[in-house]
Amino acid sequence: MTHRLAVLISGNGTNLQAIIDAIDAGRLSASVAVVLSNKTSAAGLQRAIRAGIATITLNKENYPDRAAFDQAMIAELDRFQPDTIVLAGFMRILSPAFVAHYSGRLINIHPSLLPLHKGLHTHLHAIQAGDAEHGCSVHFVSDELDGGPIIARARVPVLENDSEETLSKRVQAREYELYPRVLEWRATGRLTLEPRGVQLDGQPIPSEGFDLDQLPAELATAPANSRRS
Ligand code: GAR
């Protein structure tokens, strides 16, 4: 059965678009079962609608607290029987109950080379810190904000004249490569989170995750049986 993704967004949804495009191109053997947003105004909702994907919007004003909001998310998402919950610019802190409910199935992309620069304004922080390189990370989600075991990262050099905007554009371009790639490992059953850590094909991965530009041979191309004919 096709691996079912639930994608959670709050904004533009360009990562969602990259996922939809990868599925359409046969690079990702999954389907997006549902897109959930906590913002009615999220432009990404239109991307989902255009692609014929079911959408859900939940407004925090309708719930007394985070726990109630997150229980509502769980109830809505579980109707779609997701195999993996994909956080793609979902800008809300998740309750421990939500994280526990989807333990091992909850994945996030963050615009920094984790564990560096958690939180917001990561591009600015990388420039201000004088970092020679910056990038993005995909990780399993734990209770810690932007924490949890790293799966893979992609790097970009920080250029002398970089502004927050130019740097974020180059990082985002790498996000669109990295996220579908990691999700394909999930979709083909190769990537799991075990008590002993992240496993790929039953083997532990490096603690800092894979580097997209230095993938081992068995990961550098998608397995033939995961490609669409
Ligand atoms: C992405 O750059 C993603 O890395 C970031 O939000 C952006 C969403 O863009 N996520 C975080 O900062 C999570 N801590 P998008 O809506 O166009 O995909």
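Computation of the quantities below employed the complete heavy-atom set of this structure, encompassing side-chain atoms and omitting hydrogens, waters and symmetry-equivalent molecules. Nothing fancy with the numbering, it's 1 onward along the sequence. First listed ligand is number 1; within each ligand, the first listed atom is number 1.
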Are [X] and [Y] ion-paired here, with the side-chain N under 4.0 Å from a carboxylate O?
X	Y	answer
D83	R186	no
D211	R155	yes
E177	R174	yes

*Does D146 use its side chain to pair, donor to acceptor, with the backbone of G119 at less than 3.5 Å?*
yes

*Whether F210 and W185 hold their rings parallel, tilted or perpendicular, with breakpoints at 30° and 60°*: perpendicular

*Exactly which residues line ligand 1, taking a heavy atom under 4.0 Å from it as the test?*
N12, G13, T14, N15, G89, M91, I109, H110, P111, D146, Q172, E175

_Pairs where residues 93-114 contributes a residue and the test ring pair (Phe, Tyr, Trp, His ring centres under 6.0 Å) is met, not counting sequence neighbours_ = F98-Y102

